[in-house]
Amino acid sequence: MDELLKVTDLHVYYGMIHAIRGISFEVKRGEIVTLIGANGAGKTTTLHTITGLLPSSGGEVVYNGQNITHVPGYQLVRRGLAHVPEGRRVFSQLSVLQNLELGAFTRRSKEEKAESLKEIYRRFPRLAERKNQLAGTLSGGEQQMLAMGRALMSKPEMLVLDEPSMGLSPIYVNEIFDIIKSIHESGTTVLLVEQNAKKALSIANRAYVLETGTIRLSGTAEELLHNAEVKSAYLSE
Ligand code: ATP
C-alpha cells in the first residue's frame with residue numbers, strides 16, 4: 001500500500017503554547033488510521049493543520065505526493081481530502097438537501113451531483129426522509145450523518161473525521177461506526193480522531209496515541225487494543 005498522507009515533524013503553536021511538538025505519522029491508501037488521546041492531547045489541532053484550517057510553524061504535510069502544508073482547506077476538497085469537523089457544524093437554518101448541495105461545490109455537472117446525492121441517500125436513508133427538514137432540528141446523530149454526507153458529496157479519496165461519536169447515545173455511536181466502516185469498505189481512506197478509543201481501535205487498521213502534542217505510541221489497532229498502557233489509560237470504562 002502506498003502513502004496517501006504523510007505528516008513529518010509537524011509543529012503548531014497557539015501564541016506561546018506549543019500544542020503540537022514534532023509529530024510524524026502516515027496514512028496509507030485504503031487504511032483507517034485513528035489518532036486517540038485524552039482531551040487536549042492535540043488531536044483536533046493536528047486535523048485542522050492537515051486540512052488547512054490552522055497554520056503550522058514547522059514540518060510538512062504531503063498528500064497524494066504533493067506538499068499541502070500551506071494549501072487552504074477549500075483547495076484540498078478539490079484534491080480529494082474532505083474534513084468533517086468536531087461538533088458537526090451543519091448549517092442549521094438550511095435544509096438537509098441544501099446542506100448536502102453545499103458539499104458538492106467541487107462537482108462539475110448536475111449529473112455528478114445528482115449521482116452523489118442518490119448515493120448519500122442510499123447510505124443514509126434517514127437523510128432522504130428528512131431532506132426538507134431544517135438541519136438545526138435534526139438530532140445529534142442525524143446531524144453527524146448530515147455532516148458526513150455533506151463531506152461525501154465531494155467524493156473524497158480521504159475522509160478526515162473529528163470525534164464523530166461525540167455526544168451521541170450508544171445506539172447512534174454504533175450506527176455511526178458502522179457507517180464509517182462501510183464508507184471505508186467502499187474504498188475511502190479514513191483518518192479518524194476519537195475519544196472513544198475502544199470503538200476507534202475496533203474498526204481501525206493502525207493507530208497513534210497522542211499525548212501533550214507528541215506521539216506516545218503507535219502500532220496496529222490490534223496491538224494497541226492489547227497494550228497494557230493503552231488499556232489502563234484509554235480503554236477502561
Ligand atoms: P479535545 O478532544 O478536547 O478536542 P484534542 O486532543 O483535540 O482535545 P486540541 O483541541 O487539539 O486537543 O488542543 C491541543 C492543545 O492546544 C490544548 O492544550 C489546548 O488547550 C490548546 N488549544 C487548542 N485550541 C486553542 C486555541 N484556539 N488557543 C489556544 N490554545 C488552544
Side-chain angles (χ1 to χ4, degrees), residues 5-27 32-61 63 68-73 76 81-90 140-141 143-144 147-148 151 158-170 172-174 176-177 180 189-204 206-219 221 224-225 227 229-237:
L5 179 76
K6 189 166 173 60
V7 174
T8 309
D9 197 23
L10 192 69
H11 289 264
V12 183
Y13 284 83
Y14 292 104
M16 300 291 281
I17 300 169
H18 195 181
I20 300 298
R21 302 163 177 233
I23 65 169
S24 301
F25 66 96
E26 81 266 344
V27 182
I32 299 186
V33 169
T34 185
L35 304 181
I36 58 177
N39 273 334
K43 306 179 297 296
T44 297
T45 302
T46 301
L47 294 193
H48 281 183
T49 310
I50 292 170
T51 59
L53 301 174
L54 269 178
S56 64
S57 51
E60 192 180 68
V61 183
Y63 174 74
I68 60 157
T69 319
H70 303 292
V71 176
L76 296 177
L81 181 63
H83 182 189
V84 181
E86 190 175 348
R88 354 285 188 214
R89 312 249 179 99
V90 297
Q143 288 191 19
Q144 182 60 45
M148 287 163 71
M158 178 163 175
L159 194 60
V160 172
L161 295 167
D162 196 353
E163 301 276 7
S165 79
M166 193 169 61
L168 302 185
S169 64
Y172 263 130
V173 172
N174 288 335
I176 291 294
F177 274 92
I180 298 169
T189 303
V190 177
L191 175 58
L192 169 68
V193 153
E194 258 294 335
Q195 277 197 41
N196 190 335
K198 199 176 205 169
K199 280 296 227 181
L201 290 173
S202 76
I203 65 165
R206 291 188 307 109
Y208 295 87
V209 180
L210 250 73
E211 225 175 76
T212 52
T214 58
I215 289 177
R216 172 105 177 98
L217 288 167
S218 64
L224 292 186
L225 266 174
N227 177 292
E229 209 177 311
V230 172
K231 272 181 165 169
S232 74
Y234 304 104
L235 301 179
S236 50
E237 255 146 41

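Excluded from the calculations below are hydrogen atoms, water molecules and symmetry mates; all remaining heavy atoms, backbone and side chain alike, are included. Both counts, for ligands and for their atoms, begin at 1 and track the order of listing.
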T69 side chain vs V61 backbone, donor-acceptor pair below 3.5 Å:
yes
Ligand 1 contacted by E86 (non-hydrogen, < 4.0 Å):
yes
Nearest 0.5 angstrom please: L224 CG to Y234 OH, how far?
10.5 Å
Below 4.0 angstrom, N of the basic side chain to O of the carboxylate: do E229 and R216 qualify?
yes
Flag: protein heavy atom within less than 4.0 Å of atom 22 (N) of ligand 1
yes
Hey, is the main chain of I20 close enough, under 3.5 Å, to the side chain of H18 for a donor-acceptor pair?
yes
Atom 15 (C) of ligand 1 sits nearest the protein heavy atom G40 O, 3.7 Å
Do any N or O atoms from the side chain of Q195 and from the backbone of M166 form a donor-acceptor pair under 3.5 angstrom?
no
So, T8 side chain and G59 main chain: donor-acceptor pair closer than 3.5 Å or not?
no
Distance from atom 11 (O) of ligand 1 to nearest protein heavy atom, with residue and atom:
T45 OG1, 2.4 Å
Please confirm whether G42 approaches ligand 1 to less than 4.0 Å, judged on its heavy atoms.
yes
Any idea which protein heavy atom is nearest atom 2 (O) of ligand 1, and the distance to it?
Q195 NE2, 3.1 Å
Report yes or no: does a heavy atom of A38 sit under 4.0 Å from some atom of ligand 1?
yes
Answer yes or no: is there a donor N or O on one side and an acceptor on the other, between the side chain of T34 and the main chain of L192, under 3.5 Å?
yes
Any idea which atoms of ligand 1 are less than 4.0 Å away from a heavy-atom of E163?
2 (O)
Under 3.5 Å donor-acceptor, Y208 side chain and E26 backbone
yes
Residue, atom and distance of the protein heavy atom nearest atom 16 (O) of ligand 1 read Y14 CE1, 3.4 Å
Within a distance of under 4.0 Å, is there any protein heavy atom near atom 19 (C) of ligand 1?
no
Closest non-hydrogen protein atom to atom 10 (O) of ligand 1, residue and atom name please, with distance?
T44 CB, 3.9 Å
Between the side chain of K43 and the main-chain N/O of L210, is any donor-acceptor distance below 3.5 Å?
no
Identity and distance of the protein heavy atom lying nearest atom 3 (O) of ligand 1
N39 OD1, 2.9 Å
Could an N or O of ligand 1 be found under 3.5 Å from any N or O of A41, whether backbone or side chain?
yes
